[in-house]
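Here is the structure we will look at.
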Amino acid sequence: MLFPTLDFGLFFLPVLLLVWTVGLASNEWRKIILLLASWVFYGFWDWRFVALLIASAAINWGCARAIQTRLDDDRSAQPWLGVGVAANLAILGTFKYFGFFLEQLAPILARAGWGRDLPVLEIILPVGISFFTFQGMSYLIDIARRQTAPASFLDLTLLMSFFPHLVAGPIVRASHLVPQFQSVPKLTRGMVATALILICWGLFKKAVIASELATGLVDKTFFDPAAHSGPDLALGAYGYAVQIYCDFSAYSDMAVGLAALLGYRFPRNFDQPYRAASLQEFWRRWHISLSSWLRDYLYISLGGNRGGVWFICRNLMITMLLGGFWHGAKWTFLIWGALHGGVLAIERLWREWRPEGLPALPRPIAILIIFHIVVAGWIFFRADTLEGALAYFTQLWAFRPGLALASPLLCGLIALGLAIHFTPPTLLPAMARRVAAWPAPALGLAAGLAVLLTDAMRFEGVAAFIYYQF
Amino acid sequence: MADQFDSPVDVEADEQGLPGLAQMAVAVGIAVFTLAMINAHALAAWADGLEPGARTARISAVAHGLADQTEARGLDKPRAALKQQWDRVKAARWPNQASRKDQR
């Protein structure tokens with residue numbers, strides 16, 4: 001069930017009604033309604049995976065209890081943390097990486113003469129598995145670090161299953177959301193106005209900008225780079241940068257908006273990433289919940305900034321390689337991670353050894369350079385295979401003249417998707433404050449007309465969000 | 001730059017007038033009503049996509065009945081006009097650029 005569909009709308013409205021009627025009298029019932037609704041939502045993909053979700057929550061809850069009761073003695077708490085993290089990694093590894101490792105192992109074993117009996121397993125990837133397993137791990141680590149209080153089974157299961165963030169984030173941490181589950185939330189006019197703006201804007205970004213660019217330009221250029229001209233390929237790469245931003249940030253916007261209508265506050269997941277003047281800044285603006293997760297639970301665990309500069313570079317490289325691998329078991333994701341890790345390491349070395357008196361690059365030029373490094377990374381990220389990515393670069397380098405695919409509309413959508421990044425960061429709160437003062441009927445009418453406008457412009461059908469596959 | 005736990009919905013707005021919950025209930029209700037009136041064809045198209053059955057037939061009949069009534073009152077015209085304009089924008093090409101149909 002995808003957010004920008006009538007199916008989801010018809011699912012969400014009764015949930016909203018129940019949560020604010022039955023759920024107003026009893027916070028426990030409110031949470032049970034949300035939990036059941038979340039399982040129905042997840043069950044639309046595959047009912048069997050609801051059991052996996054419940055089992056995963058049960059394992060994390062049990063390990064957290066074991067850690068909590070042993071917190072006074074660090075040595076007896078650590079093994080339970082290890083068991084919990086290993087269990088989460090085992091779930092992730094089985095469903096997401098088993099096939100990849102088998103694929104890499106097969107030729108090696110074949111060369112040794114043992115390859116014939118390798119099992120061929122077609123494992124279906126449960127939607128959102130990377131998100132809820134990371135959420136489970138961060139919960140256990142936070143308990144062990146005494147950074148969060150243990151949650152009840154109901155709260156933890158709801159935290160991991162809560163449908164607005166379940167399949168594509170943001171990765172909301174227990175310390176942020178569980179306290180919000182403790183009482184019936186209060187809805188303010190500011191929350192309502194911001195939520196409706198985010199939902200309408202998210203719908204537009206996904207259904208119009210991302211879908212139009214995907215079908216009209218990006219899918220075609222990446223399918224067969226050799227068949228397209230240099231300008232089309234360049235615009236295809238820029239188009240994918242805009243598509244993935246509009247697709248993923250649209251999901252986050254809608255998730256934040258839907259959660260807000262239910263009374264809960266989700267953290268910001270995007271902050272105009274393409275206006276970053278360094279890759280480090282890019283990662284503070286892109287998929288903030290994942291980058292802060294990787295920083296807090298992986299980079300710091302590896303030693304963070306505590307050692308010398310080469311040690312820091314090593315940690316950056318490992319973190320980004322694993323960040324790439326988190327997206328999927330493919331060499332293209334690993335190369336994407338290596339590219340980001342490498343550039344982050346170079347930035348770090350440059351900060352350390354930059355000759356004194358050398359003027360810094362003007363910010364617009366730095367933004368332009370970082371944007372193109374990010375776009376180069378997206379080519380690996382988008383290509384189905386490593387050969388496909390290399391073919392894209394080769395054809396781009398050849399730069400055959402002509403412009404066949406990129407119509408004025410598609411160029412305009414790319415420009416719009418980039419222009420979004422240079423609007424004032426205070427635009428959304430300023431709009432929300434203004435809209436919050438409107439009478440409710442005017443707000444409802446405006447929201448209805450905004451959805452109508454998007455529906456009239458949308459591409460036929462809705463493709464799944466890019467991040468559903470992760 | 002934003003703090004990692006900042007929420008975009010933390011907006012300090014003037015809370016005068018209807019309380020937030022009532023504001024949301026009325027706004028969502030009006031938005032749904034507006035869409036049902038001026039975009040009833042979307043509901044009919046959704047009903048057509050359901051698996052055939054006795055219950056689906058009833059849902060489909062109600063959805064198509066609503067679509068026919070709103071069409072008879074001309075309420076579907078704004079969406080049709082918007083779609084027509086959008087299709088024109090989509091069909092626009094640069095000088096010397098082949099149309100989308102020709103590319104196929």
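The shown structure was predicted, so the numbers you read here are calculated from the model rather than taken from an experiment. Chain naming here is simple, since letters A, B, ... match the order of the sequence lines and numbering starts at 1 in each.
The backbone N or O of B:G20 sits nowhere less than 3.5 Å from a side-chain atom of A:T188 that would complete a donor-acceptor pair. With hydrogens and angles disregarded, no donor-acceptor distance shorter than 3.5 Å links the side chain of B:W86 to the backbone of A:R458. A donor-acceptor contact shorter than 3.5 Å links the side chain of A:R189 to the backbone of B:L18.
Contact tally against chain A (heavy-atom pairs below 4.5 Å) for B:V89, B:D87, B:V11: the top residue is B:V11. The greatest number of non-hydrogen atom pairs below 4.5 Å with chain A, out of B:M37, B:K83, B:Q85, is found for B:K83. Contact count against chain B (heavy-atom pairs under 4.5 Å) is highest for A:P408 among A:G190, A:P408, A:G412. Put simply, of A:V256, A:L261, A:D7, the one with the most heavy-atom pairs under 4.5 Å next to chain B is A:D7. Per-residue heavy-atom pair counts under 4.5 Å with chain B were compared for A:L449, A:N269, A:L443, A:V172, and the maximum is reached by A:L443.
Interface residue B:L35: only side-chain heavy atoms are found under 4.5 Å from chain A. Contact annotation for A:L403: both backbone and side-chain heavy atoms come within less than 4.5 Å of a heavy atom of chain B. Only the backbone of B:E12 comes within contact range of chain A, judged by heavy atoms closer than 4.5 Å. Contact of B:Q16 with chain A is made through the backbone alone, with heavy-atom distances under 4.5 Å.
The side-chain hydrogen bond (donor to acceptor under 3.5 Å, both in side chains) search around A:D253 returns A:K205, not counting sequence neighbours.
Here the shortest heavy-atom pairing between A:M191 and B:V9 reads CG-O, 3.7 Å. Closest of all the heavy-atom pairs between B:I30 and A:P441 is CG2-O, 3.7 Å. Of all non-hydrogen atoms in B:A92 and A:S407, the two that sit nearest each other are O-CB, 3.8 Å. When every heavy atom of B:W94 is checked against every heavy atom of A:C411, the shortest pair comes out as CZ2-SG, 3.8 Å. Closest approach of B:D10 and A:R265 over heavy atoms only: OD1-NE, 2.5 Å. The shortest heavy-atom contact between B:P8 and A:P267 is CD-C, 4.1 Å.
The salt bridge (charged side-chain N to carboxylate O under 4.0 Å, His left out) analysis of residues 54-81 of chain B, with sequence neighbours excluded, yields the pairs A:D455-B:R79.
Rounding to the nearest 0.5 Å gives a distance of 5.0 Å between CG of A:L445 and OG1 of B:T34.
Contact check for B:D6 versus A:D271: no side-chain heavy atoms found under the 4.5 Å cut-off. Taking 4.5 Å as the limit, every side-chain heavy atom of A:M457 sits out of range of all side-chain heavy atoms of B:L82. Two residues are said to be in side-chain contact when any heavy atoms from C-beta on lie closer than 4.5 Å; A:E212 and B:K90 meet this criterion.
A:W438 CH2: 12 or fewer foreign heavy atoms inside a 6.0 Å radius.
Interface with chain A: from residues 38-53 of chain B, residues B:I38, B:N39, B:A42, B:L43, B:W46 qualify, criterion being any non-hydrogen pair under 4.5 Å. Among the residues in residues 8-19 of chain A, those with a non-hydrogen atom closer than 4.5 angstrom to a non-hydrogen atom of chain B are A:L10, A:L13, A:L16.
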